[in-house]
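To start, the structure itself, in structure tokens.
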Amino acid sequence: MTDITIKITDRNGVLHEIQAPTDMNMNVMELIRSYELAEEGTIGICGGMAMCASCQCYVLNDVLKTERNDDEEAMLSEAYHVKENSRLGCQIHLTEDLEGLEIEIAPEQ
Ligand code: FES
């Protein structure tokens, strides 16, 4: 079992250093929910289908090497508060190479 450390700034600006499992097929949206870093009902509304943007995050460092996928790109083109470093948390799967990832949860949609 391998855990990685991820830094997540919540919507109140509070920084959390989280131990994230890489062997449970989880994504960043599910991680935020499991640590209750965003209010229930304000994140993960579509269940991780890239169809709501409630899980939008800003990526703050260059640990994440993957680009937005097509569904993610389409959803973000319609979402609010989108920045160049926006990603959908549900499309970022927790893998060992994400050790040290730093993200900030975007404002509520
Ligand atoms: S949970 Fe809906 S887009 Fe990620």
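Since the model is a prediction, treat every value here as computed from it, not as a measurement. Because only heavy atoms are used, hydrogens play no part in the values below, and waters and symmetry mates are left out as well, while side chains stay in. Throughout, residue positions are numbered sequentially from 1 according to the sequence presented.
Looking at heavy atoms from C-beta onward, Asp97 lies out of side-chain contact with Lys65 at the 4.5 angstrom threshold. Under the 4.5 Å side-chain criterion, counting only non-hydrogen atoms from C-beta, Thr22 is not in contact with Thr95. The shortest side-chain heavy-atom distance between Ile8 and Leu15 does not fall under the 4.5 Å cut-off. Contact check for Leu94 versus Ile6: side-chain heavy atoms found under the 4.5 Å cut-off. The side-chain heavy atoms of Val82 and Gln56, taken from C-beta on, include a pair separated by under 4.5 Å. Within the 4.5 Å cutoff, no side-chain heavy atoms of Asp23 are placed close to those of Thr2. Arg68 has its side chain within reach of Leu76: a pair of non-hydrogen atoms, C-beta onward, lies under 4.5 Å apart.
Side-chain contact check for Thr42 and Arg11: at least one donor-acceptor pair (N or O, by modelled atom type) lies under 3.5 Å. When only modelled atom types and interatomic distance are considered, Ser54 and Gln109 share no side-chain donor-acceptor pair under 3.5 Å. With 3.5 Å as the limit, one finds a donor-acceptor pair spanning the side chains of His16 and Asp10. Residues Thr5 and Gln19 bring a donor and an acceptor atom of their side chains to less than 3.5 Å of each other.
Scanning all heavy atoms of the two residues, the minimum distance from Pro21 to Met26 falls at CG-SD, 3.8 Å. Closest approach of Cys57 to Val28, counting heavy atoms only: SG-CG1, 4.2 Å. Annotation for Ala53 and Ala79: closest pair CB-CB, 3.6 Å, computed over non-hydrogen atoms. Nearest approach of Asp3 to Glu99, heavy atoms of both residues: O-OE1, 4.3 Å. Contact between Cys90 and Cys55 at its shortest, heavy atoms only, is N-SG, 3.4 Å.
Cluster membership check: Leu101 shares its hydrophobic cluster with Met24, using side-chain heavy-atom separations under 4.5 Å among Ile, Leu, Val, Met, Phe, Trp and Tyr. Residues Leu37 and Leu88 do not share a hydrophobic cluster, defined by chaining ILVMFWY side chains whose heavy atoms lie under 4.5 Å apart. When the side chains of ILVMFWY residues are joined at heavy-atom separations under 4.5 Å, either directly or via intervening members, Met49 and Ile92 end up in two distinct hydrophobic clusters. If you chain together hydrophobic residues whose side chains sit under 4.5 Å apart, Ile45 and Ile43 never meet in one group.
With hydrogens and angles disregarded, no donor-acceptor distance shorter than 3.5 Å links the side chain of Asn27 to the backbone of Gln91. Not one N or O on the side chain of Arg87 forms a donor-acceptor pair closer than 3.5 Å with the backbone of Glu72. No side-chain donor-acceptor contact under 3.5 Å links Asn85 to the backbone of Tyr58.
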- Check the pair Glu104, Leu60 against side-chain contact (heavy atoms from CB on, under 4.5 Å), reporting the backbone distance first and the verdict last. CA-CA 7 Å; Glu104 178 182 351; Leu60 305 180; 4.1 Å; yes
- Check the pair Ile103, Thr9 against side-chain contact (heavy atoms from CB on, under 4.5 Å), reporting the backbone distance first and the verdict last. CA-CA 6 Å; Ile103 61 167; Thr9 302; over 6 Å; no
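For the atom pair Glu78 CD and Glu73 CD, the distance stands at 11.5 Å (nearest 0.5 Å). Between atom CG of residue Leu31 and atom CG of residue Leu98 there is a gap of 10.5 Å, rounded to the nearest 0.5 Å. Taken from CG in Asn69 to CE in Met75, the straight-line distance is 12.5 Å, to the nearest 0.5 Å.
Look at Arg33 and Glu40 and you find a salt bridge, because one of the NZ, NE, NH1 or NH2 atoms lies within 4.0 Å of a carboxylate O, short of that distance.
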